[in-house]
**Q** 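Sharing a structure with you now.
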Amino acid sequence: MSKIIYDVIQRFEVENGVPRLVSTNIQVIEGGEDLMSLATNLLDKLDFYDKFEEKRTSQYIGYKLKNPRKGAKRYQLILAQRKEGLSISIPQEILEPYLLKLNFSINFLTKMPELKNVVTMFQEISKFYWIIPSQKNVFFDLTKEYRETFKSQIAGDFELNFDGIAYREAENAYSDSKIQNINDMQLIDIIQKKYISKHPLSNSLDNSDCCLKIGKGDIGKDKLFNYAYQVAINSKEVLEEFLSYFAKILMEQQ
């Protein structure tokens with residue numbers, strides 16, 4: 001039977017003599033390798049530490065350029081252990097050019113307090129995905145119906161129109177009996193949950209292993225570092241591909 005040794009760091013705060021556990025950081029130090037260890041070891045093999053300095057805290061490991069250009073003094077990569085997997089955060093402007101962005105453009109009705117009548121407003125709801133390069137053939141197979149839309153691309157902005165559905169949903173929401181019971185953000189949330197999430201393309205990508213989804217529950221803005229997008233990864237293979245891909249891009253900044 002193999003033996004695994006863990007390094008456990010717990011941080012407490014004491015108030016009125018009562019200790020309270022604030023955070024726990026668990027790392028495998030012998031007999032196995034967790035995702036955090038895999039990530040830091042991979043960065044070492046890529047010579048990432050030649051260009052980046054590391055800062056470890058109980059909550060995350062952050063990386064800054066040793067010789068940053070103007071405006072690049074903040075963390076360029078943040079790793080954090082979470083229950084759903086290893087969280088990786090990268091600045092939005094670095095990540096976005098490599099993402100597939102589906103833009104659902106909708107026109108919807110709204111009731112504005114300063115106006116007597118219901119008026120039409122425009123809203124765009126976007127969903128982001130990182131197509132795993134080794135899985136791009138799976139992506140193309142899933143998107144055969146949209147071949148003319150994507151034209152063999154796995155990144156970029158693509159428009160999908162939802163005007164008709166959104167308009168009908170809004171008409172119902174803003175009928176006389178309901179007009180005081182719903183606001184625009186609630187309506188947008190309804191449209192997103194009821195229609196966009198069930199769109200054949202969106203639904204296929206959300207449930208496929210060919211990509212990482214960006215948005216609620218998967219990747220979103222990092223709450224601690226709001227200039228970055230965050231993704232949770234729980235697969236060693238996906239971690240190796242994602243981190244290798246973007247570590248090289250980050251190293252090319254200097």
Side-chain angles (χ1 to χ4, degrees), residues 71-72 74 76-78 87-108 110 120-167 169-170 184-185 187-223 225-233 238 241-250 252-253:
R74 59 194 181 182
Q76 301 298 291
L77 176 68
I78 304 110
S87 165
I88 303 178
S89 298
I90 296 174
Q92 296 171 46
E93 67 271 15
I94 292 172
L95 200 60
E96 283 188 356
Y98 305 94
L99 301 178
L100 181 80
K101 183 180 179 183
L102 302 183
N103 301 312
F104 295 89
S105 300
I106 59 174
N107 290 312
F108 66 97
T110 184
T120 301
M121 298 289 287
F122 172 80
Q123 177 71 34
E124 184 174 83
I125 299 175
S126 300
K127 297 191 73 172
F128 295 78
Y129 302 87
W130 182 66
I131 308 302
I132 301 170
S134 66
Q135 300 296 315
K136 64 182 180 181
N137 288 337
V138 177
F139 167 73
F140 291 135
D141 188 54
L142 284 174
T143 57
K144 284 179 180 177
E145 295 181 36
Y146 302 89
R147 190 169 294 165
E148 289 302 311
T149 300
F150 295 118
K151 299 185 184 300
S152 299
Q153 297 178 76
I154 62 173
D157 281 49
F158 301 93
E159 303 295 326
L160 296 171
N161 193 287
F162 258 78
D163 283 351
I165 289 175
Y167 194 86
E169 189 72 25
D184 293 345
M185 292 310 298
L187 177 61
I188 291 168
D189 194 49
I190 289 170
I191 293 168
Q192 187 162 351
K193 288 178 180 177
K194 194 171 180 179
Y195 297 107
I196 293 178
S197 64
K198 295 180 181 178
H199 184 279
L201 175 58
S202 175
N203 187 56
S204 294
L205 293 177
D206 288 349
N207 293 286
S208 173
D209 293 331
C210 75
C211 59
L212 292 175
K213 184 178 68 173
I214 297 176
K216 293 180 180 179
D218 211 62
I219 304 181
K221 285 187 177 180
D222 189 310
K223 293 179 181 178
F225 304 97
N226 60 12
Y227 60 86
Y229 279 135
Q230 185 180 74
V231 56
I233 298 176
V238 174
E241 190 161 358
F242 181 86
L243 196 56
S244 296
Y245 189 93
F246 285 104
K248 291 173 183 176
I249 291 169
L250 289 167
E252 290 170 359
Q253 291 183 90

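It should be emphasised that the depicted structure is a prediction, and the values quoted were computed from it without experimental measurement. All residue numbers refer to positions in the sequence shown, counting from 1.
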**Q** Could you measure the distance from the CD1 atom of Ile90 to the CD atom of Gln230? Nearest 0.5 Å is fine.
**A** 11.0 Å
**Q** Under 6.0 Å between ring centres: does that hold for Trp130 and Phe246?
**A** yes
**Q** Looking only at non-hydrogen atoms, find the nearest pair between Tyr129 and Leu205 and report the distance.
**A** CE2-CB, 3.5 Å
**Q** Might you confirm whether atom CG of Asp157 has over 12 heavy atoms from other residues, nucleotides or ligands at distances under 6.0 Å?
**A** yes
**Q** Given side chain to side chain contact (heavy atoms under 4.5 Å, CB included), test Phe242 with Val231 step by step and report yes or no.
**A** CA-CA 10 Å; Phe242 181 86; Val231 56; 3.7 Å; yes
**Q** Side chains of Phe128 and Lys213, heavy atoms from C-beta outward: is any pair under 4.5 Å?
**A** no
**Q** So, taking the atom named CG in Asn137 and the one named CG in Asp141, what distance separates them when rounded to the nearest 0.5 Å?
**A** 8.5 Å
**Q** Rounded at 0.5 Å granularity, tell me how far CD1 in Ile94 sits from CD in Glu252.
**A** 11.0 Å
**Q** Return the CD to OG distance between Gln135 and Ser208, rounded to the nearest 0.5 Å.
**A** 7.5 Å
**Q** Do Cys211 and Leu100 make a side-chain contact, defined as non-hydrogen atoms from C-beta onward lying under 4.5 Å apart?
**A** no
**Q** Is the NZ or CZ atom of Arg74 both under 6.0 Å from the centre of the six-membered ring of Tyr227 and within 45° of that ring's axis?
**A** yes
**Q** Considering non-hydrogen atoms only, spot the tightest contact between Ser126 and Asn103 and give its length.
**A** OG-OD1, 2.7 Å
**Q** Could you tell me whether the side chain of Gln76 and the main chain of Pro91 form a donor-acceptor pair under 3.5 Å?
**A** no
**Q** Just how far is it from atom OG1 of Thr143 to atom NZ of Lys136, taken to the nearest 0.5 Å?
**A** 12.5 Å
**Q** Heavy-atom count check: over 12 atoms from other residues, nucleotides or ligands less than 6.0 Å from Glu145 CD?
**A** no
**Q** With a 6.0 Å cut-off on ring centres, are Phe139 and Phe150 close enough?
**A** yes
**Q** Ile88 versus Ile233: any side-chain heavy-atom pair under 4.5 Å?
**A** yes
**Q** Does some side-chain heavy atom of Leu201 sit less than 4.5 Å from a side-chain heavy atom of Tyr146?
**A** yes
**Q** Out of curiosity, Ile131 CD1 to Phe140 CZ, how far, rounded to the nearest 0.5 Å?
**A** 8.5 Å
**Q** Report yes if the side chains of Ser89 and Leu77 come closer than 4.5 Å at any heavy-atom pair, otherwise no.
**A** no
**Q** Distance alone, cut at 3.5 Å: any donor-acceptor contact between the side chains of Asn203 and Asn207?
**A** yes
**Q** With side chains defined as the heavy atoms from C-beta onward, is the minimum distance between Lys127 and Ser202 less than 4.5 Å?
**A** yes
